[in-house]
Amino acid sequence: MTTRQLCTFAVAGGRYAVPVADVQEVLRHQELTPVPLGHPAVVGLINLRGQIVTSMDVRRRLGLPDRPADAGPMTVVVRTADGPKALLVDDIGDVIDVADAAAEPPPAAAGPQTAVTARVYKLPDHLLLELDVAELITLTPHPTR
Amino acid sequence: MTPLDDIVKEFLVESYENLERLDRDLLALEKNPGDVPTLSSVFRTIHTIKGTCGFLGFGKLEAVTHVGENLLSKLRDGHLALRPDIATALLMLVDAVREMLASIEQSGAEGDGDYAALVGELKALQDEAVDPPPTPTVAVDPPPAPAQSSPPPTAAAPAAASPAPKPPAAAGEHGGVADTNIRVDVGVLDKLMSLVGELVLARNQLLQFAATVRDPAFTRTCQRLNLITGELQQGVMKTRMQPVGNVFDRFPRVVRDLSAMVGKKIRLEVEGGETELDRSVIEAIKDPLTHIVRNSVDHGIEKPAARVARGKLEEGVLRLRAFHEGGQVNIEISDDGGGIPPDKVKAKAVEKGLITPEQAARMSDRDAIALIFAPGFSTAEQVTNISGRGVGMDVVRTNVEKIGGTLDVTSTVGVGTTLRVRIPLTLAIVPALIVTCDGLRYAIPQVNLLELVRIDGQAGEKRIERVHGSPVFRLRGQLLPLLFLRERLDRPPADPAEPTTLAVLSVDGRQFGLVVDTVVDTQEIVVKPLGQELKGIGVYAGATVLGDGRVALILDVPGLAITAGGPTAGDKSGGEKPAGPSARVVTLLLLELGAGRRVALPMCKVTRLEEIAAAAVERIGGLEVLQYRGDIMPVFRLADLLGEPTGSPAGLLNVVVYAAFGQTVGLVADRIVDIVEVELKPHRTAARPGVPGTAVIHDRVTELVEVEELLALVGHTQPEAGR
């Protein structure tokens, strides 16, 4: 039985994950430079050891309400074909092994999250949504003003 | 060294590398005979060596590789399976090639090794192939060159079937070229370059910090790090350098063909081809340079008959010269042709509606010649298919400016024309102005920046006017379309009472003003691309890490210019032209006040310079006046206006008669220094009301005076309002 290693995190009360292989590092809050006119999900640019990385808020990307101002987000840096990207999440969870057999394709028509969800795992106490990183960081063009 | 030697050397370097790979590939193939891509790669390598050595006249090498190639093509097309004996034969072929290459490197010839046995064996192996495919026709195997030019191996094979005696066994130590040259992936160099950029930034941060720490040991270490970083940066930049000669090499042919086509005699002289430039810059200047050279041949140099009539040699000379100067590379393209007649250019520009007749009359020759860079301008009376349809020079200039370069022209009628391209050594690090807008910092590449003007809250607001709803600013009598960065970035408007700064930017010879909150400083920045998700916004050209480690966005000035349309965008011929192509260079009147304080006024508003007896100045109310040409002219002492203490001068006064608010005023200066044409270089605003900026003119810091504003300060705004 094959298993996958996932890096889990919490966003707005839900449990999500991305493959560990896609994760470069996890950071605490980083100093952000906002990008006016950028896509709403883009919260800014961070300086990651000299590399400039776009930071996106997973809440906004998934169409969830904004994080309370006092909650300091965590930054998950993922590797993508377009270089590293930073994902803002509420809290970082464990790295877990999941059996492929426990996965199901995402249910149809579950709102803006469906397109970015790769699989759903039925864990004993909760559901875990594995996100498709490539899909997650692809933002539909935001109309420029 | 002759050029042929260079070619042979390159061939050797390349072949040695290929042979290394061949060994590896063949061994891999032996393990996995079905690996078609590897087989194809082996085939291509041998094919390349065969082709090149044939071209260089190494017959023996060609003969051996030719049979090898045939055998490989059979393998590749599946007519033959790779067996150990075939692999052995092929490896022997590689050895034979290596021996011959070593000999070529040592003696310049292939040596006297005899490879007939090898050739025979390879041929024998290849002949076995015929059985599986019944029809070894051309259709089955197109590339193996059905009847290529080399039958000799067959003839040579039976002649001497003795086992190949090894040539002098020096093959192992092919010292020279292969050992001192390596090929490196450009990607690796780019990565190194960007790492060095980071190091420079980190160094800058450290130096900033070091300035606050008083520890001699730490300071020394920092200085050392500083030096090493500098050297490393230069060293890495050097790895990406290529001689500009790589571009120049194409021109002899271009000039030869073109001059023959247009019936001219032209000699090309090239100088400084060894001048080195970053490879990205080399790529980028290829086309602009070619265009300029074509132009010079086509329009610059006259036909032989015309030259003789002017007493010149029949043969024209086109000179290409490259040299380093002040951290930049200069490339000059000069011809000894007819030059550019300013009158003709002016007439043409007026005819095309690029400038008004009045502007033409006022325009200096130098400005007039610069009109050839205006969009849609062509002086050639005949449109030829050689240098295009006159879309030329503005496009050339745009391309040169795109890489942070400048292009200008000097020309003397009857003597010739020189175009000078100035380009930075590298594109990776650019100087930039750091500004703020709504609390965030942005970088503006210096290359686009002409000058900075400070706008004081209340007073400045008045100087921003509207034409058809678009904001404009009066800058030395010209209307400058404005763009508010806050507005463009969808930020809340600034507090109108706060002073703001206007950055005068230039794109394609067009100017516009970008209103920002404040100017921070200038920095050398390393340009980084933005991710996919931030492209297409049209406002940002990239991002950079500033000295303090924070990220700043780099503004895309050409992108901003599109939205800064104002009256320039559509209506070019409109009455008061906001930014002419000549506006970059301004003519200034240089004055001196008191003990050597230099100020400059725009010459276009100066009507006369007079010397008038101090006693002729009369007073009406609080105002000094002169009777001038039957009128009463108010007189102001510039020194007073600028707060420079002076005694009351006696004798003759130097009076600048100046048109302000449509009225004539006299400005008294202590000394009139000169009239200069300068390209205004922006300087940090040492600004206060009436003095929007400073510039270095004649090696002296000179204040650029805005007379109207100064007069407004003392309450003189309208002809009658001064009373």
Side-chain angles (χ1 to χ4, degrees), chain A residues 22 24 27-62 75-88 112 115-116 131-145, chain B residues 191-205 434 436-443 484-492 516 525-556 559-560 562-563:
Chain A
D22 288 344
Q24 179 179 316
L27 306 163
R28 294 207 168 273
H29 177 66
Q30 297 288 302
E31 199 130 36
L32 280 166
T33 299
V35 183
L37 308 185
H39 189 282
V42 172
V43 285
L45 301 173
I46 60 172
N47 171 11
L48 186 66
R49 296 184 297 277
Q51 207 167 5
I52 293 173
V53 175
T54 307
S55 188
M56 304 178 204
D57 191 333
V58 176
R59 280 192 183 236
R60 290 204 194 152
R61 181 65 182 92
L62 298 182
T75 304
V76 179
V77 181
V78 291
R79 298 189 191 92
T80 77
D82 189 36
K85 305 284 167 194
L87 303 175
L88 287 194
V116 299
L131 300 177
D132 179 334
V133 172
E135 202 57 55
L136 190 66
I137 63 145
T138 307
L139 306 177
T140 46
H142 181 63
T144 52
R145 274 147 285 187
Chain B
K191 172 89 186 156
L192 268 182
M193 188 71 201
S194 81
L195 282 174
V196 166
E198 296 318 325
L199 185 62
V200 169
L201 289 180
R203 187 258 332 249
N204 292 350
Q205 261 169 280
I434 313 296
T436 65
C437 168
D438 193 30
L440 289 177
R441 285 177 299 178
Y442 297 88
F484 292 87
L485 188 56
R486 277 177 177 262
E487 200 174 298
R488 183 68 185 87
L489 296 183
D490 208 16
R491 304 276 102 189
V516 301
I525 59 167
V526 180
V527 181
K528 311 248 170 178
L530 290 172
Q532 212 56 52
E533 63 282 341
L534 294 176
K535 292 200 172 131
I537 296 178
V539 184
Y540 310 118
T544 190
V545 179
L546 296 180
D548 62 359
R550 302 229 14 200
V551 178
L553 287 155
I554 302 167
L555 295 178
D556 176 13
L560 290 173
I562 293 168
T563 37

Original post:
Tell me, side chain or backbone of A:Val35 under 4.5 Å from chain B's heavy atoms, or both, or neither?
Top reply: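 Both backbone and side chain of A:Val35 come within 4.5 Å of chain B.
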**OP:** Under 4.5 Å heavy-atom distance to chain B, tell me which part of A:Asp82 shows up: side chain, backbone, both or neither.
**Re:** side chain
Subject >> B:Asp438 bridged to B:Arg486 by N-O distance under 4.0 Å >> reply: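 Looking at B:Arg486 together with B:Asp438, the answer is yes, because their closest N to O distance falls below 4.0 Å.
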Please look at [X] and chain A and tell me whether the side chain, the backbone, both or neither of the residue comes under 4.5 angstrom of a heavy atom of that chain.
X        : answer
B:Leu530 : side chain
B:Val545 : both
B:Leu440 : side chain
B:Arg491 : side chain

Original post:
Can you name the closest pair of heavy atoms from A:Arg60 and A:Pro40 and give their distance?
Top reply: NH1-O, 2.8 Å
Original post:
Name the one of B:Asp490, B:Leu485, B:Leu553 that satisfies side-chain contact (heavy atoms from CB on, under 4.5 Å) with A:Pro36?
Top reply: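 The option that passes is B:Leu553.
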Subject >> Of B:Ile554, B:Leu489, B:Asp556, the residue whose pairing with B:Val539 passes side-chain contact (heavy atoms from CB on, under 4.5 Å) >> reply: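 Exactly one option meets the side-chain contact (heavy atoms from CB on, under 4.5 Å) with B:Val539, and it is B:Leu489.
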**OP:** Evaluate the side-chain proximity of A:Thr80 to B:Gln532: yes if any heavy-atom separation is below 4.5 Å, no if none is.
**Re:** no
Subject >> Check: A:Thr54/B:Glu533 side-chain N/O donor and acceptor closer than 3.5 Å >> reply: yes
Original post:
Among A:Leu45, A:Leu32, A:Ile137, which has the most heavy-atom pairs under 4.5 Å with chain B?
Top reply: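 The candidate making the most pairs under 4.5 Å is A:Leu45.
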Subject >> Largest heavy-atom contact set with chain B, pairs under 4.5 Å, which of A:Thr138, A:Thr33, A:Val42, A:Ile46 >> reply: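 Ranked by heavy-atom pairs under 4.5 Å with chain B, first place is A:Thr33.
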